[in-house]
There are 2 protein chains.
Amino acid sequence: MLSQDGRIKIGIVAPGGRLFPALSERVLELAAGMFPDLPVDIWFHPQCFDSSGHFAGTDAVRAQAFLDVANDDSFHALWFGRGGYGSFRLIETVLPRLKAAANNKIFLGYSDAGAMLGALYHAGIGRIAHGPMPADLNRKGGDDAIRRTLAFLVKGDSAALEPSLDPATPAAAMNMTILSHLIGTPYMPDLAGHVLMLEEVSEPMYRIDRALGQITSTPAVRQVAGIRLGRCSAIPENDPDFGRDEEEVTREWCQRSGIPYLGRADIGHDIDNKIVPFGRWRP
Amino acid sequence: MLSQDGRIKIGIVAPGGRLFPALSERVLELAAGMFPDLPVDIWFHPQCFDSSGHFAGTDAVRAQAFLDVANDDSFHALWFGRGGYGSFRLIETVLPRLKAAANNKIFLGYSDAGAMLGALYHAGIGRIAHGPMPADLNRKGGDDAIRRTLAFLVKGDSAALEPSLDPATPAAAMNMTILSHLIGTPYMPDLAGHVLMLEEVSEPMYRIDRALGQITSTPAVRQVAGIRLGRCSAIPENDPDFGRDEEEVTREWCQRSGIPYLGRADIGHDIDNKIVPFGRWRP
């Protein structure tokens with residue numbers, strides 16, 4: 001896990017929305033005292049602070065930043081700085097340009113990052129994980145999420161892992177809406193035999209139901225070992241009241257599609273979001 | 001186009017949200033004077049006024065209403081009463097139960113109805129058309145949209161048709177979000193060689209971009225003859241400003257995917273929404 005000069009380097013890029021410098025300073029302060037015996041370098045690519053309309057820089061700038069970290073052997077991990085929207089736009093450019101250095105690297109993020117994580121997993125590149133990002137420091141109590149995630153990135157700390165994970169069964173985790181927009185594209189990962197964990201944020205119940213309908217109706221997804229439901233938070237009011245909650249509709253779509261419903265998953269857009277390595281994790 | 005007893009019957013069902021009786025009365029009043037020489041019956045299935053949480057009745061009730069009209073030879077057309085959300089939930093139940101009576105029937109609607117229309121077109125059942133629905137009477141000036149659509153349903157009036165339609169090239173029209181949620185499912189129609197017209201409502205620019213990214217990245221969709229952009233209305237503010245409008249992102253995704261961008265289409269969630277028959281229309 002050490003680079004040639006003996007340091008553990010984590011590179012942060014922002015394929016979606018931009019970060020503010022104050023946030024990066026807080027991450028560095030928080031990490032400063034965490035690993036007294038380990039030489040850990042956390043580096044925010046300058047692209048994180050760039051801006052182009054909705055995005056942290058143009059597609060070309062964001063793709064290049066991603067490649068800068070992914071293709072550099074000295075980085076142990078590529079950490080998505082935040083979500084928002086934008087990683088899907090980079091897939092077509094990034095995938096064919098990834099080199100061997102990307103293969104043993106950890107790629108970690110969630111929310112919009114799921115599009116790129118899914119595409120990397122589909123391509124068999126890297127060690128993919130769904131989990132907290134630096135922008136979670138903007139949540140009250142977010143420090144713990146960042147500490148857990150750093151301990152995982154630096155030392156492989158298993159305390160950060162989602163508790164239902166079973167070493168014998170591959171897993172994957174994704175935002176429902178992000179997964180629904182990967183379906184049918186050439187970047188959709190093969191999730192056969194996987195426990196698929198799904199979470200959502202800020203979507204009304206009818207959209208949660210609609211995304212689950214597509215996901216569970218897709219023949220390839222019907223090959224999963226089962227679905228676990230993460231938290232669906234900040235659900236806007238449905239007009240009229242939807243009449244069912246997110247667990248009821250997940251159970252219903254699982255039943256209709258013949259997919260085992262396996263219960264809840266400890267993931268979501270919140271500070272308790274646990275880490276889900278894709279596939280079978282190699283510690 | 002006449003039923004056995006010489007009457008032209010149009011049956012209205014509501015696979016998504018419910019209708020209110022006052023709306024159905026206005027449709028009947030408006031139609032009353034339109035066809036003095038033709039025996040036209042417009043019938044609102046009682047299911048339209050049913051209610052079950054988000055929907056106009058349970059899935060079972062809505063599916064049965066759809067089948068009541070679709071499988072009845074005396075109905076010339078099945079007209080979707082409104083959108084909302086719900087038609088995708090019925091596809092799995094409805095499709096295998098459709099009988100020969102459905103084959104020569106017009107199925108007309110838009111918005112959420114697009115999921116069922118796409119599935120019917122995929123299955124080669126009926127004469128599918130994207131166009132105004134009774135609920136458009138709730139829009140200021142909606143009377144004209146309803147009159148045009150009735151003239152099309154009853155007499156095949158071509159004045160209601162989308163003006164760019166070319167008899168030599170098959171076409172299809174759909175809401176972007178509805179299409180994105182059909183992709184990958186067993187109900188996705190084959191649109192190879194079609195002019196695909198897309199419209200959207202009430203989605204921020206980043207979601208329009210995200211849906212277009214999926215649509216144009218899907219290999220089957222890349223076989224279309226081209227894309228025409230309908231109106232994208234009531235776009236909520238994007239924070240930060242997206243930096244591009246809906247036509248710029250459509251042009252960009254078309255360019256990236258090698259799909260010809262053919263210009264604008266006269267469709268949308270508004271009173272000017274013109275009718276787009278799927279495939280090559282047989283008048």
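Numbers restart at 1 for each chain; the letters A, B, ... are given by sequence-line order, proteins then strands. Worth knowing before you read on, the calculation uses all heavy atoms, side chains too, and leaves out hydrogens, waters and symmetry mates.
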Side chain proximity check, A:Tyr85 to B:Arg210, heavy atoms < 4.5 angstrom: yes
Close side-chain approach of B:Arg89 to A:Asp209, heavy-atom, < 4.5 Å: yes
I need the [X] [atom1] to [Y] [atom2] distance, nearest 0.5 Å.
X: A:Leu182; Y: B:Thr218; atom1: CG; atom2: OG1; result: 10.0 Å
X: B:Arg244; Y: A:Ser52; atom1: CZ; atom2: OG; result: 6.5 Å
X: B:Asp59; Y: A:Arg256; atom1: CG; atom2: CZ; result: 5.5 Å
X: B:Ile215; Y: A:Thr185; atom1: CD1; atom2: OG1; result: 12.5 Å

B:Ile91 portion near chain A, given a 4.5 angstrom heavy-atom threshold: neither
Under 4.5 Å from any heavy atom of chain A - which part of B:Ala115: neither
Heavy atoms from other residues, nucleotides or ligands near CD of A:Gln255 exceed 12 (cutoff 6.0 Å): no
Top contributor to chain A interface from B:Gly17, B:Pro186, B:Ser51, B:Gly243 [non-hydrogen pairs under 4.5 Å]: B:Pro186
Region of A:Ile178 that comes under 4.5 Å of a non-hydrogen atom in chain B: side chain
Per-residue contact mode, A:Asn238 against chain B (heavy atom under 4.5 angstrom): side chain
Would you name the heavy atoms of [X] and [Y] that are closest together and state the gap between them?
X: B:Pro219; Y: A:Gly184; result: CD-O, 3.4 Å
X: A:Ala211; Y: B:His181; result: CA-CE1, 4.0 Å
X: A:Gly53; Y: B:Pro240; result: O-CG, 3.4 Å

Centroid-centroid under 6.0 Å between A:Phe55 and B:Tyr206 rings: no
B:Gln214 side chain vs A:Phe88 backbone, donor-acceptor pair below 3.5 Å: no
Which donor-acceptor pairs under 3.5 Å do the side chains of residues 191-205 of chain A make with protein atoms, sequence neighbours left out?
| residue | atom | partner | partner atom | Å |
| --- | --- | --- | --- | --- |
| A:His194 | ND1 | A:Leu191 | O | 3.2 |
| A:His194 | ND1 | A:Ala192 | O | 3.0 |
| A:His194 | NE2 | A:Tyr121 | OH | 2.6 |
| A:Glu199 | OE1 | A:His269 | N | 3.4 |
| A:Glu199 | OE1 | A:His269 | ND1 | 2.6 |
| A:Glu199 | OE2 | A:Asn175 | ND2 | 3.2 |
| A:Glu199 | OE2 | A:His269 | ND1 | 3.4 |
| A:Glu200 | OE1 | A:Asn175 | ND2 | 2.9 |
| A:Glu200 | OE2 | A:Thr177 | N | 3.0 |
| A:Glu200 | OE2 | A:Thr177 | OG1 | 2.6 |
| A:Glu203 | OE1 | B:Arg207 | NH1 | 3.3 |
| A:Glu203 | OE2 | B:Arg207 | NH1 | 3.1 |
| A:Glu203 | OE2 | B:Arg207 | NH2 | 2.8 |

